[in-house]
Amino acid sequence: MALRKKGFISVKDIDAQIFTTQLSQFLKKSGKLTLPECVETIKLCKGNFLAPEDPDWFYVRCASMLRHLYCRETGTHGLRKIYGRKKRRGSQPNISVLACQGIIRKCLKELTGMGLVKNLENGKGRGLTSQGRKTLDRIAYQSSSL
């Protein structure tokens with residue numbers, strides 16, 4: 001694990017899966033996120049056959065979005081490409097499909113309400129606020145000791 005400063009650990013230094021689970025637990029404990037009504041039945045992408053099996057998938061998706069926004073600021077279309085997948089079409093060739101935009105917008109709206117995400121000045125997407133960066137760095141430091 002490469003450290004930039006003595007004692008400073010950023011999100012990029014931690015394994016993504018460990019960090020995402022820690023951050024999703026933090027978001028769930030905070031109680032500031034409101035879940036959409038159709039959380040049990042909604043599909044995350046047109047390429048999926050079923051809804052997610054994990055009951056806490058919304059918290060995990062929000063945590064994953066925060067990690068992506070920490071690494072690179074992007075908009076909803078960029079996040080749709082990141083979370084998209086290939087759609088199996090039987091004997092026809094597979095095609096890539098984008099993720100559902102409504103879920104991404106709902107996650108970003110909730111994270112903006114918490115004060116972790118902001119609109120960029122030039123109108124070209126979303127980025128983290130200073131409070132969001134501090135929160136993610138704090139959780140990264142805590143999960144590095146695990």
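Scope of the values below: all heavy atoms of this structure, side chains included, with no hydrogens, waters or symmetry mates. The residues of the chain are indexed from 1 along the displayed sequence.
- Heavy atoms from other residues, nucleotides or ligands lying under 6.0 Å from CZ of R88 number 12 at most.
- M65 and L120 are members of different hydrophobic clusters when ILVMFWY side chains are connected at heavy-atom separations under 4.5 Å.
- A cation-pi arrangement is not found for R67 relative to F19, the charged atom failing to lie both closer than 6.0 Å to the ring centre and inside a 45° cone about the ring normal.
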Determine, step by step, whether I14 and Q22 satisfy the side chain to side chain contact (heavy atoms under 4.5 Å, CB included) criterion, reporting the C-alpha distance in whole Å, the side-chain angles of both residues, the deciding distance to 0.1 Å, and the verdict. CA-CA 11 Å; I14 306 296; Q22 293 292 324; over 6 Å; no

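- Residues Y70 and Y141 share a hydrophobic cluster, clusters being chains of Ile/Leu/Val/Met/Phe/Trp/Tyr side chains in contact below 4.5 Å.
- To the nearest 0.5 Å, the span separating CG on L116 from CZ on R133 amounts to 12.0 Å.
- The minimum heavy-atom distance linking R80 with A99 is given by the pair NE-O, 2.8 Å.
- The local environment of CZ in R89 is crowded, with over 12 non-hydrogen atoms from other residues, nucleotides or ligands closer than 6.0 Å.
- Taking hydrophobic clusters as Ile, Leu, Val, Met, Phe, Trp and Tyr residues chained together by side-chain heavy-atom distances below 4.5 Å, V97 does not share a cluster with L79.
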Could you go step by step and tell me if T34 and K109 meet the side chain to side chain contact (heavy atoms under 4.5 Å, CB included) rule? CA-CA 10 Å; T34 57; K109 182 179 174 186; over 6 Å; no

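- Residues L44 and L27 fall within the same hydrophobic cluster, defined by Ile, Leu, Val, Met, Phe, Trp and Tyr side chains chained together at heavy-atom separations under 4.5 Å.
- Shown here is K28, whose NZ atom has no more than 12 heavy atoms of other residues, nucleotides or ligands within 6.0 Å.
- Contact record, R126 with E73: O-CB, 3.4 Å, taken as the closest heavy-atom pair.
- When all heavy atoms of L66 and L128 are compared, the closest pair comes out as CD2-CD2, 3.6 Å.
- Both F26 and W57 are assigned to one and the same hydrophobic cluster, defined by single-linkage of ILVMFWY side chains at heavy-atom distances under 4.5 Å.
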